[in-house]
Amino acid sequence: TKKNPAYPAAVCRKVEHKGDNLVIAMKVVCDGNGDACAKLQNDFNVMNAQMQAQVDQQIAGQKK
């Protein structure tokens, strides 16, 4: 939103197959404040890592 310091910004995430793995590809476009853009990207990196860990756990559980 316009109230966010990173505005204008957009984040696109997509789950992709890489060999036998599922990975989260991400593209960030941010024309806001440099520090706010870095925080936005970092926040999404953290969320991606959490999601990746959950996906990896589910895949490992299905292989048992």
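In this chain, residues are counted from 1 in sequence order.
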>> Show, in sequence, the C-alpha distance, side-chain angles and deciding distance for V15 and V23, and conclude whether the side-chain contact (heavy atoms from CB on, under 4.5 Å) test is met.
In response: CA-CA 6 Å; V15 177; V23 296; over 6 Å; no
>> I need the full list of side chain to side chain donor-acceptor pair (under 3.5 Å) pairs touching residues 3-14, with sequence neighbours left out, sorted by first then second residue.
In response: R13-N48
> Closest approach of L22 and D56, non-hydrogen atoms and distance?
Replying inline: O-OD1, 4.5 Å
>> Return the CD to CD distance between Q52 and Q57, rounded to the nearest 0.5 Å.
In response: 11.5 Å
> So, for C30 and A6, which heavy atoms are closest and what is the spacing to 0.1 Å?
Replying inline: SG-O, 3.3 Å
> Would M47 and M26 show up in the same hydrophobic cluster when neighbours are defined by side-chain heavy atoms closer than 4.5 Å?
Replying inline: yes
> Which side chain to side chain donor-acceptor pair (under 3.5 Å) pairs, counting each pair once, include a residue from residues 19-46, with sequence neighbours left out?
Replying inline: K39-D43
> Taking only residues two or more places apart in sequence or in another chain, which ones pass side-chain contact (heavy atoms from CB on, under 4.5 Å) with A49?
Replying inline: none
